[in-house]
Amino acid sequence: MESTNKDLVFNVSQLMKESVGATRKLELYTPSLVLGDEDTDTDSDALELQARNLEGNIKVTRLTRDLLVQGQVEGEVLVECSRCLDQFWTPIETSLEEKFQPAVDVETGRPVHREAEEEDDTAFEISANHEMDLAEPVRQSILVELPLKPLCKDDCKGLCSQCGANLNEGACDCVTETVDNRWEALRKLQLEDLPSGDSNVN
């Protein structure tokens, strides 16, 4: 997906002209980043995944023909509580280690042609303007770190199974059926377990 977040776009033309092993330190910050796919139906009531206040320190290393990006990113992500379904912001921390390959040679301006063994489908592309866009690798790394069952708080009471009320906001008016355990054995009894009514009595 094409990025519209200019906070995460960096020009690396000078680094691409330096020798192998040269590095750059980048300070990353963006107030917001949409994590959902751009093809997501915007009319849907589903939660739009997003992150805010993302910041981190990134190291970019010049390889033979490519760039290696490494670093840590932290911030907050808007998620939905798995019990009460309320949305809340939760801290997130993730690491980056990605390769970027140039689309054009920085010296000649010609497209970079690679042999089959040099192709790397997992690498990201440095644009023809020698810009490296970190939005997509950051987005992907955050999605991997999302909690499977997020909780707004450890003692979240969830929703009433009958009326759907949020029990964190107070008790609902639903009547909970109380069960007398003394009758449990009778409830488990099957008809075939009962004696037949026409049995002979001696």
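Values reported hereafter were calculated over all heavy atoms of this structure, with side chains retained and with hydrogens, waters and symmetry mates removed.
Partners of Arg62 by side chain to side chain contact (heavy atoms under 4.5 Å, CB included), not counting sequence neighbours, listed by chain and number: Leu15, Met16, Ala22, Leu67. Residues passing the side chain to side chain contact (heavy atoms under 4.5 Å, CB included) test with Glu131 are Val9, Asn11, Ser127, Asn129, sequence neighbours excluded. Remark: Pro147 engages Pro150 in a side chain to side chain contact (heavy atoms under 4.5 Å, CB included) (not counting sequence neighbours). Remark: Thr90 pairs with no residue by the side chain to side chain donor-acceptor pair (under 3.5 Å) rule, at least two apart or across chains. A search for salt bridge (Lys or Arg N to Asp or Glu O under 4.0 Å) contacts involving Glu76 returns Arg52, not counting sequence neighbours.
Within the 3.5 Å criterion, the main-chain N or O of Ser141 finds a donor-acceptor partner in the side chain of Thr94.
Annotation: ring pair (Phe, Tyr, Trp, His ring centres under 6.0 Å) contacts involving residues 122-146, sequence neighbours excluded, comprise Phe100-Phe124. Screening residues 9-33 for salt bridge (Lys or Arg N to Asp or Glu O under 4.0 Å), with sequence neighbours left out, gives Glu18-Arg24. For residues 142-160, no residue pair satisfies the side-chain hydrogen bond (donor to acceptor under 3.5 Å, both in side chains) rule, not counting sequence neighbours. The salt bridge (Lys or Arg N to Asp or Glu O under 4.0 Å) contacts involving residues 84-101 comprise Lys99-Asp120, where partners must be two or more places apart or lie in separate chains.
Between Ile142 and Ala51, the closest heavy-atom pair is CD1-CB, 4.3 Å. Scanning all heavy atoms of the two residues, the minimum distance from Ile126 to Pro102 falls at CB-CA, 3.7 Å. Here the closest non-hydrogen pair linking Gly71 and Ile58 is CA-CD1, 4.0 Å. Nearest heavy-atom pair, Pro137 versus Leu96, reported as atom, atom and distance to 0.1 Å: O-CD2, 3.5 Å.
A distance of 5.5 Å separates CZ of Phe10 from CG of Leu134, quoted to the nearest 0.5 Å. Arg83 contributes atom CZ, which lies 9.5 Å from atom CG of Asn168 (distance to the nearest 0.5 angstrom). Atom-to-atom distance recorded for Leu78:CG and Ile92:CD1 is 12.0 Å, nearest 0.5 angstrom. Between atom OG of residue Ser95 and atom CD of residue Glu74 there is a gap of 12.5 Å, rounded to the nearest 0.5 Å. Within the model, atoms CG of Leu54 and OG1 of Thr30 stand 6.5 Å from one another, a figure rounded to the nearest 0.5 Å. Annotation: the span from Asp66 atom CG to Gln101 atom CD amounts to 4.5 Å, rounded to 0.5 Å.
A side chain to side chain contact (heavy atoms under 4.5 Å, CB included) with Tyr29 holds for exactly one of Asp7, Asn53, Leu8; it is Asn53.
Taking the side chain as every heavy atom from C-beta outward, Leu28 and Asn57 never approach each other to under 4.5 Å. Considering only heavy atoms from C-beta on, Met132 comes within 4.5 Å of Val69 through its side chain. Using a 4.5 Å heavy-atom threshold, the side chains of Val112 and Arg65 count as touching. Within the 4.5 Å cutoff, side-chain heavy atoms of Leu143 are placed close to those of Leu35. No side-chain heavy atom of Val34 sits under 4.5 Å from any side-chain heavy atom of Leu49.
As a member of the Ile/Leu/Val/Met/Phe/Trp/Tyr network built from side-chain separations under 4.5 Å, Leu63 groups with Leu68. Using a 4.5 Å cut-off between side-chain heavy atoms of Ile, Leu, Val, Met, Phe, Trp and Tyr, Leu85 falls into a hydrophobic cluster with Leu159. Side-chain contacts under 4.5 Å among hydrophobic residues (ILVMFWY), followed directly or transitively, place Val104 with no other residue at all.
Both Val60 and Val106 are members of a single hydrophobic cluster when ILVMFWY side chains are connected at heavy-atom separations under 4.5 Å.
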